[in-house]
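Note sheet for the following structure.
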Amino acid sequence: MQAVLVKQAAERVEKAPFITFEGGEGAGKSTQIKRLAARLQGVGIDAIMTREPGGSPKAERIRALLLAGAAKRFGTLAEAVLFSAARIDHIDTLIAPALTRGTWVLCDRFVDSTRVYQGASGDIDPGQLAVLERVVAGDVMPDVTFILDLPAEAGLARAAARAGADAASDRFEAEGLAFHEKLRAAFLSIAAAEPERCVVIDSTQDKDAVEEAIWAAVVERLPIPEAARAKMDLPKPTKRGPCVAT
Ligand code: TYD
């Protein structure tokens with residue numbers, strides 16, 4: 001079942017972009033994903049927001065286990081497999097069908113979080129993680145990944161100050177500052193290795209400036225349909241300008 005959907009999504013991916021948001025704790029992903037969804041919807045683009053771990057009913061059940069720390073005692077590889085199990089259901093039931101029908105998908109965390117968080121422990125071979133990623137995500141890879149970057153200390157302080165903080169996030173927030181600095185470095189190294197997919201956004205800026213930087217990258221990198229471009233008051237693209245969906 002999954003292979004079929006993955007194949008369909010890969011064939012249709014040019015028509016419906018898949019955008020992911022990544023970064024450490026308190027980087028402002030959830031605010032920015034909402035702002036981007038609202039902007040896209042405002043120009044008539046069909047876009048949905050989702051998140052990992054979770055995003056589908058079965059995956060949300062796995063999320064609850066993972067973030068409560070229930071899987072920690074089984075070791076990092078087992079945790080990575082559980083994040084992946086949640087991802088399979090999320091792709092099968094939500095992401096691939098949406099992309100296939102032409103709906104833009106904006107996802108709060110995806111494969112880079114597994115590479116970074118589970119990879120940061122140092123006790124899994126990165127090759128094993130790469131194989132797991134290929135098996136699980138296949139061709140359903142993001143067209144653009146925004147890496148919201150800020151110093152770990154600032155991010156942790158923001159996360160702690162978040163009103164009514166999600167207690168479930170304790171599993172990873174509870175790790176020390178050195179762990180979170182490692183995460184930041186790992187996200188930046190993915191961005192350096194895959195510049196065609198990743199855009200690093202300075203998240204120490206205010207929220208409006210972050211939103212504008214994200215919007216500028218979306219307009220530059222993704223195929224905005226003609227009707228939406230007209231609403232955005234954008235000039236018609238030139239041969240060398242931004243790509244436009246036909
Ligand atoms: P969440 O409360 O969604 O945190 P945030 O607002 O920072 O996104 O919790 C998700 C946590 O799960 C976060 O600490 C990152 C972690 N995570 C992994 O360790 N591996 C993964 O593959 C994913 C998707 C998330």
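Whatever order the structure lists them in is the order used to number ligands and atoms, beginning at 1. Numbering of residues begins at 1 and proceeds along the displayed sequence. Any value given below was found using the heavy atoms of this structure, including those in side chains, with hydrogens, waters and symmetry copies removed.
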**Request:** Determine whether Val219 and Leu222 fall in the same hydrophobic cluster, where Ile, Leu, Val, Met, Phe, Trp and Tyr are linked whenever their side-chain heavy atoms lie under 4.5 Å apart.
**Result:** yes
Minimum non-hydrogen distance to [atom], winning option of [options]:
atom: atom 13 (C) of ligand 1; options: Glu25, His90, Glu79; answer: Glu25
atom: atom 25 (C) of ligand 1; options: Phe83, Tyr117, Phe110; answer: Phe83
atom: atom 3 (O) of ligand 1; options: Arg51, Arg63, Arg109; answer: Arg63

**Prompt:** Pairs in or reaching into residues 131-157: which pass ring pair (Phe, Tyr, Trp, His ring centres under 6.0 Å), with residues at least two apart or in two chains?
**Reply:** Phe21-Phe146
**Asked** Could you give the distance from CZ (Arg39) to CE (Met232), rounded to the nearest 0.5 Å?
**Response** 8.0 Å
Going by the order shown, which atoms of ligand 1 are within less than 4.0 Å of some heavy atom of [X]?
X: Glu52; answer: 24 (C)
X: Arg87; answer: 22 (O), 24 (C)
X: Gln118; answer: 18 (C), 19 (O), 20 (N), 21 (C), 22 (O)
X: Thr114; answer: 21 (C), 22 (O)

**Message:** Can you tell me which portion of Val111 lies within the under-4.0 Å heavy-atom range of ligand 1? Options are side chain, backbone, both, or neither.
**Reply:** neither
Write down the atom of [X], the atom of [Y], and the distance for their closest heavy-atom approach.
X: Gly55; Y: Thr50; value: CA-OG1, 3.3 Å
X: Leu150; Y: Ala154; value: CD1-CB, 4.0 Å
X: Asp112; Y: Phe187; value: O-CE2, 4.0 Å

